Number of protein chains: 2
Amino acid sequence: MGVHRKTRNLELVLDAFRNTQEALSAHLLIERLPVDVNRSTVYRLLDRLEDDGVVHSFLASENIRFYALCKECNQSGHVHSHAHFQCTSCSQVVCLEQEVAVPTLNQYRVDEAQVLLKGQCATCMR
Amino acid sequence: MGVHRKTRNLELVLDAFRNTQEALSAHLLIERLPVDVNRSTVYRLLDRLEDDGVVHSFLASENIRFYALCKECNQSGHVHSHAHFQCTSCSQVVCLEQEVAVPTLNQYRVDEAQVLLKGQCATCMR
DNA sequence: TAACTAATGCGACTGTGTTGCAATAATGCA
DNA sequence: TGCATTATTGCAACACAGTCGCATTAGTTA
């Protein structure tokens with residue numbers, strides 16, 4: 001919903017996501033930006049992009065939030081329920097196509113299912 | 001694997017887990033201990049208990065590690081693949097009975113599936 | 001071009017979790 | 001039981017992710 005001025009930083013962040021298949025943490029993102037952008041600024045951009053349905057975020061180990069572009073979301077809500085994969089060797093994180101079926105439970109109302117698969121990616125298996 | 005002397009702190013931590021159905025973060029655990037126990041000590045106890053297969057840990061939002069007693073694990077390895085539930089109102093976290101089927105993927109070898117379901121618990125739905 | 005205000009950078013801060021080190025206490029053995 | 005050994009503990013300092021207030025900078029619109 002937030003106003004979005006077309007700033008250099010915003011474009012750089014979006015480019016970084018467009019140039020990769022990976023999900024990125026704030027830290028990784030900053031590393032990949034061609035110019036220095038302040039940490040606070042990056043977090044604020046990511047927050048705004050998430051509010052606007054442009055990126056989604058999820059937790060991977062170890063305690064780090066990752067962000068990736070959304071395909072079918074908009075500012076009225078995030079609609080994905082896909083799984084994520086993290087390689088335990090190189091720590092790379094990717095979004096998977098696999099949809100996650102949100103299970104039903106007796107005692108709880110389940111609104112959301114967060115699935116993180118961990119293992120080895122093709123590169124690290126060689 | 002680590003040596004375990006039967007210390008007061010160890011007993012207090014185990015009691016805290018035995019006295020609840022919930023999973024506990026280090027912070028929650030410290031709050032529930034009847035005496036002050038140092039933060040470092042608690043983290044070290046949890047690490048050791050996890051190594052020994054007595055508790056398992058997983059990440060819940062927001063970026064906090066939760067611990068709960070294991071049922072069928074021992075020091076030769078953790079064997080659970082159950083889901084966890086976190087209430088978005090009261091933040092309480094519990095282990096679910098539901099086993100998670102680890103899916104197979106083309107490009108990745110999946111060793112582990114972490115599933116966190118989020119929604120509302122019975123108490124908060126009222 | 002000027003005014004408005006969103007976006008930015010900076011520094012300080014919070015909270016989780018870790019580490020080195022000296023003091024303490026559980027254990028095994030004489 | 002008394003003592004030596006060493007695992008455990010508390011403390012202080014640290015690392016790192018993420019947040020916040022505030023003054024400055026820079027898009028945007030008129």
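Just so we're on the same page: letters track the sequence lines, and every chain starts at 1. Here the structure is a predicted model, which means the values were calculated and not measured.
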Is the count of non-hydrogen atoms from other residues, nucleotides or ligands lying under 6.0 Å from Glu97(B) atom CD greater than 12?
no
Pair of N/O donor and acceptor under 3.5 Å linking dG10(D) base with Arg39(B) side chain:
no
Sugar-phosphate, base or nothing in reach of Arg65(A), heavy atoms under 4.0 Å:
sugar-phosphate
Can you tell me the distance, in whole Å, between the CG atom of Leu46(B) and the C1' atom of dT16(C)?
13 Å
Listed nucleotide nearest any side-chain atom of Ala26(A), set dG18(D), dT16(C), dA7(C):
dG18(D)
Are any side-chain N or O atoms of Gln86(A) and backbone N or O atoms of Ser91(A), one a donor and one an acceptor, separated by less than 3.5 Å?
yes
Between P on dC22(D) and CG on Asn38(A), what's the gap in Å once rounded to a whole number?
17 Å
Nearest to the side chain of Arg44(B) - dC20(D), dA12(C), dC11(D)?
dC11(D)
Spell out yes or no: do the side chain of Ser40(B) and the base of dT19(C) have one donor N/O and one acceptor N/O closer than 3.5 Å?
yes
Ala68(A) backbone acceptor or donor facing His56(A) side chain under 3.5 Å
yes
Counting only pairs under 3.5 Å, give me each side-chain donor-acceptor contact of residues 38-45 of chain A, with atom names and distances, residues two or more places apart or in other chains.
unit_1, atom_1, unit_2, atom_2, d
Asn38(A), OD1, Ser40(A), N, 2.8
Asn38(A), OD1, Ser40(A), OG, 3.1

Round to a whole Å and report the spacing from CG of Asp47(A) to C1' of dA7(C).
14 Å
Tell me: CG of Leu45(B) to P of dG10(D), nearest whole Å?
9 Å
Between protein and nucleotides 26-30 of chain D, what N or O pairs are separated by less than 3.5 Å?
unit_1, atom_1, unit_2, atom_2, d
dG27(D), N2, Arg5(A), NH2, 3.0
dG27(D), N3, Arg5(A), NH1, 3.2
dT28(D), OP1, Lys6(A), N, 2.9

Using a cut-off of 6.0 Å, state whether more than 12 heavy atoms not belonging to Gln21(B) lie near its atom CD.
no
Give a yes/no answer on whether the side chain of Asn9(A) brings an N or O atom under 4.0 Å of OP1 or OP2 in dT8(C).
yes
Measure CG/Leu29(B) against C1'/dG17(C) and give the value in whole Å, please.
14 Å
Within this structure, what is the CD1-to-C1' distance between Ile30(A) and dC10(C), rounded to whole angstrom?
14 Å
Does Tyr43(A) have a side-chain nitrogen or oxygen under 4.0 Å from the phosphate oxygens OP1 or OP2 of dT19(D)?
no
Does Arg48(A) put a side-chain nitrogen or oxygen below 4.0 Å from OP1 or OP2 of dA7(C)?
yes
Find the distance Asp52(A):CG to dA6(C):C1' and express it as a whole number of Å.
13 Å
Side-chain heavy atoms of Phe85(B) within contact of Leu116(B), under 4.5 Å
no
Roughly how many Å is it from CG in Leu33(B) to C1' in dG10(D), rounded to a whole number?
15 Å
Proximal nucleotide (of dG11(C), dG9(C), dG18(D)) relative to the Thr41(A) side chain
dG9(C)
Looking at Ser57(B), is its backbone amide N or carbonyl O close enough to the side chain of Glu50(B) to form a donor-acceptor pair, meaning the two atoms are under 3.5 Å apart?
yes
